[in-house]
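Counting starts at 1 for both ligands and their atoms, following the listed order. The figures here come from the full heavy-atom set of this structure, side chains too, leaving out hydrogens, waters and symmetry mates.
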Amino acid sequence: MNKSIIIANWKMNLNLRERTALAISFKNRLGLAAGKEIVICPSFISLMQISEILKGTNLKLGAQDIFWEESGAYTGEESPAILKDLNCQYAIVGHSERRQHLGETDEMVNKKIKACLENKLTPIVCVGETFEERQEGQTDNVVLRQLQRALEGIEIADGQQMVLAYEPVWVIGSGQAVEPTEAEHVFQVMRQTVIDLWPLTIVDNNVRLIYGGSINPENVSGFTALDLCQGFLVGGASLKVEEFVKITALIQ
Ligand code: PGA
């Protein structure tokens, strides 16, 4: 049985001093947390410093993005090997904010997932529908299509892990999560999609389904009660240490 995973996605928030202070608070309050995996994803520029702060703790480090080439003329990008050198164990891939603002496509997501797996990083692959797609009754189709394209040609070997995050785009940062029963339905679609791709033992042991979108201490228990939910991607509430500590305390 996989441990639950709780991922703090700090996005492009806080100044350098505030990020350091927040990482130190996480270390002091959660550094010895056991029985669950806690991952902090600061922006690229803060990875080096926060990697130092987290040394010797149980907290893990993740990048908010990754690039698929090893090196070369790719202005502004960073290579998987450098992320690995900085002690990253995870990378978020295909976050809706990157899809929306930076034109990240399913094809790019697919390359990024491959780069993660080749470099022993666990990809945190984000999928989810927009408000318009939901209104048109397209949620299942969108999630299915995004996953199928993202995972095309990808095999998971025994030692590799993958995290698949259902993040309904329209609730991210809104303060209002979806109904847990709706998330459970989408998790079923996601699980079936990966069962169609990989052996059941790999799906059960190496793939985790998590929820993201306005998670807070008040609503998290509705999701922990779900059969298929194995963790959370937390944005806004991960910038407030008290809220994040409360959330992690509610997760087994
Ligand atoms: P939120 O962000 O918790 O602020 O809604 C979640 C995410 O985008 O990962």
At what distance is the nearest protein heavy atom to [atom], and which residue and atom is it?
| atom | value |
| --- | --- |
| atom 4 (O) of ligand 1 | Gly236 N, 2.8 Å |
| atom 3 (O) of ligand 1 | Gly235 N, 2.8 Å |
| atom 2 (O) of ligand 1 | Lys11 NZ, 3.2 Å |
| atom 7 (C) of ligand 1 | Glu167 OE2, 3.1 Å |

Near [X] [atom1], under 6.0 Å, is it more than 12 heavy atoms from other residues, nucleotides or ligands?
| X | atom1 | answer |
| --- | --- | --- |
| Gln188 | CD | yes |
| Asp158 | CG | no |
| Glu70 | CD | no |

query: What closest approach, in Å, do Gly213 and Tyr211 show between heavy atoms, and which atom pair accounts for it?
result: O-OH, 2.8 Å

- request: Check whether Ile40 and Tyr90 end up in the same hydrophobic cluster, where Ile, Leu, Val, Met, Phe, Trp and Tyr are linked by side-chain heavy atoms less than 4.5 Å apart.
  value: no

- prompt: Under 4.5 Å between side-chain heavy atoms, hopping through other hydrophobics if needed: is there a path connecting Val203 to Ile5?
  reply: no

task: Go through Gln252 and Thr224 one step at a time and tell me if the side chain to side chain donor-acceptor pair (under 3.5 Å) criterion holds.
output: CA-CA 8 Å; Gln252 292 309 309; Thr224 54; over 6 Å; no

message: With nothing but distance in play, are any N or O atoms of Ala237 less than 3.5 Å from an N or O of ligand 1?
response: no

- prompt: Can an N or O of Leu233 be found at a distance shorter than 3.5 Å from an N or O of ligand 1?
  reply: no

Which of the numbered atoms in ligand 1 are below 4.0 angstrom from a heavy atom of [X]?
| X | value |
| --- | --- |
| Asn9 | 9 (O) |
| Gly213 | 5 (O) |
| Gly173 | 1 (P), 4 (O), 5 (O) |
| Ile172 | 2 (O), 5 (O), 8 (O) |

query: Do any heavy atoms of Ser214 fall under 4.0 Å from ligand 1?
result: yes

task: Please verify whether a non-hydrogen atom of Gly212 lies at under 4.0 Å from ligand 1.
output: no

field: side chain to side chain contact (heavy atoms under 4.5 Å, CB included) between Gln49 and Arg19, intermediate numbers included
entry: CA-CA 9 Å; Gln49 191 176 18; Arg19 290 177 196 172; over 6 Å; no

